[in-house]
Amino acid sequence: MSDTENSPNAVNDEVIIGIDLGTTNSLVGVVDSGFPIILADANGDRLTPSVVSYADPENPRVGKEALRAAQTAAAVTIASAKRYLGRPFSDLNDEEKSAPPFRVVALSDGGIGFKILNDTVVTPVDVSSEILRHLKEIAEAALELKVNRAVITVPAYFNNSQREATKSAAVKAGLSVERIINEPTAAALAYGLDKLDDEQTVAVYDLGGGTFDLSVLQMRGGLFEVISTAGDTQLGGDDFDTALALFVAEQHDLKDLSSEETTQLMAEARKAKESLSSADNYSLRLPFFRDGKSYESEITREQFESVADVFIDRSGSICRRAFAEAELKGVGSVDHLILVGGSTRVPRVQEQLEAWFGHEPNLSQHPDEAVALGAAIQAGMLCGRVRSIVLVDVTPLSLGIETFGGLMNVIIARNSTIPAKAGEMFTNAVANQPSMAIRVLQGEREMAKDNWLLGEIEVPFSPGAKGSARVGVQFAIDRDGILEVLARDTVTGEDHVLEIRNSAIDVDDAEVEKMVSESVDYAFDDMNARVWTEAKLKSEELLPAVEMAMAQVGGQLDDSDKADIESAAANVRSLLDSGDSNAAALKAANQSLDEATQTLAALLVEAAFEDV
Ligand code: ADP
Ligand code: MG
């Protein structure tokens, strides 16, 4: 596209993050260069405990930090807020009302609140929004850009009000929710199960910190449908911790634990449990636990299993019930079993499942990251960063259009998986330009003329000032390798379409190799050409602007300023005319001209204000 330039708000800058807002842990992911990844915080941690501490209510703490605060300030530290999200107080059972170390209260509107200080009450939406804001910040730090769009996962059984509450929490955290997806569906995406043929049945066994969900999904027409869900909202890894803590307390005859002691013992029990997933035994230590006395327990994996089995069995009965409900003829009709949730790292859980289901569970993904990974994939699909996870084929060479100055602007990069879709917004670079020529290019070189021209369309538009016409250009390659180029005049809404058959994908291997090796051979020259072109565009903008300003307010400058500007401008002009395309020199000359005209620019601004 000659006579156009890139606008700063190009469409493909719009990143969407994927969030697993868990009861125990939350994670954030994104698709980067075509791959879904989970983003780590400054400490390198990818799991953020879903805990918010209001020890300082003005400055709530989230995650690990809050968890640490829980040891000493349990009453103002809210954990598992997700359990209460979007539910009326009247819905709660006694355990949900009184078990947490913080106070659960009824709000005048029938909702649920947590009392953190005498008069201060926060809602489950408030707590969730703190967690979401924290995740947003992790993503922004990791990606070095601002994000405000997200895909968020929720349990398949969440009702409308729970889903709406999740959305409100996101909005409060400054995130717009592009889509809410079910956790088991996200997990299936992460495992790449959307590549399955139709009519396949997938069981997702999700044992998290405090909840157990079993979902049966059916693949239909390339989409997953949740055909049944079952579960227990009071079953999970926390039960293992509690059982192990009781076991230890009994060993040492420790009774009537204070809430601080309970928190400490539970934290140690959890550490023991997690270690026992890989080790055969563990020494659980409670230094200076009570009255200055320390305790120690040697725990074996068998001992742990003996206290955990009752909970694992409970999940087994739920599975059987779910299969009955899904009208499956027993576990044999499940084609795939995937394990999700941190607690499925317990070897005993895996063994039991294998025994019940008769086939080995798929463990190829980290069970506590699968849901977030799936959310990231869904987000990537929505913003065009993942075209589809179906790896049919890849683009052999980059596809793009020519922009102002004869530069190649890549829209779909080389090696992108197809189908692929991406777009960018362009504006007219010259006032009253009657049309924009969109030249579709293929290749790896910086300058348009060195790439292959696949086709061309002319988009006419009504005359307007520079930057007033906007054309959105979208490239879409379908599964068959057909490239459709759509150019939309955003003012009139008029579309222009160019279809390019096969040449986008079917390229001779030798030709591809030649193009790629040339792009390497000429990398230096190409880069110089790009920098030169960009500098030249800048000069061509700068020179007439300086001239106009001089005519308008130049009289107010003193002689030395005037001389400086004239010599800086002359330098730019002579470099432009010299014909040796010295990019670095021209860039430097532009810079000097910019500096020399500081006073001039200020005068111009003043004059503009006097005019109004
Ligand atoms: P949720 O979906 O409830 O937010 P997760 O999927 O992150 O939670 O699971 C958290 C639970 O997984 C916790 O109970 C934690 O102790 C447990 N967990 C994490 N890693 C392990 C491990 N290696 N062995 C056993 N349990 C683990
Ligand atoms: Mg989870």
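Just so you know, ligand 1 is whichever comes first in the structure, and atom 1 is the first atom listed for that ligand.
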Decide whether [X] and [Y] meet the rule of one side-chain donor and one side-chain acceptor closer than 3.5 Å.
X: T48; Y: S26; result: no
X: T300; Y: E298; result: no
X: S129; Y: D126; result: no

[X] neighbourhood, listing ligand 1 atoms whose heavy-atom distance to it stays under 4.0 Å:
X: G341; answer: 6 (O)
X: R345; answer: 20 (N), 21 (C), 22 (C), 23 (N), 24 (N)
X: G237; answer: 14 (O)
X: G209; answer: 1 (P), 3 (O), 8 (O), 9 (O), 10 (C), 11 (C), 13 (C), 14 (O)
X: T24; answer: 1 (P), 3 (O), 4 (O), 8 (O)
X: V346; answer: 25 (C)

### Task
Check Q365 against A190 and note the closest heavy-atom contact, atom names and distance.
NE2-O, 3.5 Å
### Query
If every non-hydrogen atom of N182 is compared with every non-hydrogen atom of P155, which pair is closest and at what distance?
OD1-O, 4.0 Å
If the threshold is 4.0 Å, N to carboxylate O, is there a salt bridge linking [X] and [Y]?
X: K271; Y: E274; answer: no
X: R301; Y: E351; answer: no
X: D368; Y: R345; answer: yes

### Message
Measuring from non-hydrogen atoms of S343 to any atom of ligand 1, is the shortest distance under 4.0 Å?
### Response
yes
### Task
Step by step, work out the ring-ring contact (aromatic ring centres under 6.0 Å, His included) result for F212 and Y205.
CA-CA 8 Å; F212 168 63; Y205 176 102; 4.8 Å; yes
Flag [X] as yes when one of its N or O atoms lies below 3.5 Å from any N or O atom of ligand 1, and as no otherwise.
X: T23; result: yes
X: D206; result: no
X: N25; result: yes
X: G22; result: no

### Task
Going by heavy-atom distance to atom 16 (O) of ligand 1, choose the closest among H366, E274, R348.
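Going through H366, E274, R348 one by one, E274 has the nearest heavy atom to atom 16 (O) of ligand 1.
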#### Entry: Nearest option to atom 17 (C) of ligand 1, as decided by whichever heavy atom of A308, G342, S278 sits closest
G342
### Message
Among D238, D239, D241, which residue satisfies the salt bridge (Lys or Arg N to Asp or Glu O under 4.0 Å) criterion with K273?
### Response
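When D238, D239, D241 are each tested with K273, the salt bridge (Lys or Arg N to Asp or Glu O under 4.0 Å) holds only for D241.
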Please state which protein non-hydrogen atom is closest to [atom] and give its distance, to 0.1 Å?
atom: atom 25 (C) of ligand 1; answer: S277 OG, 3.3 Å
atom: atom 14 (O) of ligand 1; answer: K273 NZ, 3.1 Å
atom: atom 2 (O) of ligand 1; answer: G208 CA, 4.1 Å

### Query
salt bridge (charged side-chain N to carboxylate O under 4.0 Å, His left out) between E140 and K136: does it pass, once the steps are laid out?
CA-CA 6 Å; E140 288 177 338; K136 176 177 184 273; 3.3 Å; yes
### Task
May I ask you to identify, for R270, whether its side chain, its backbone, both or neither come under 4.0 Å of ligand 1 on a heavy-atom basis?
side chain
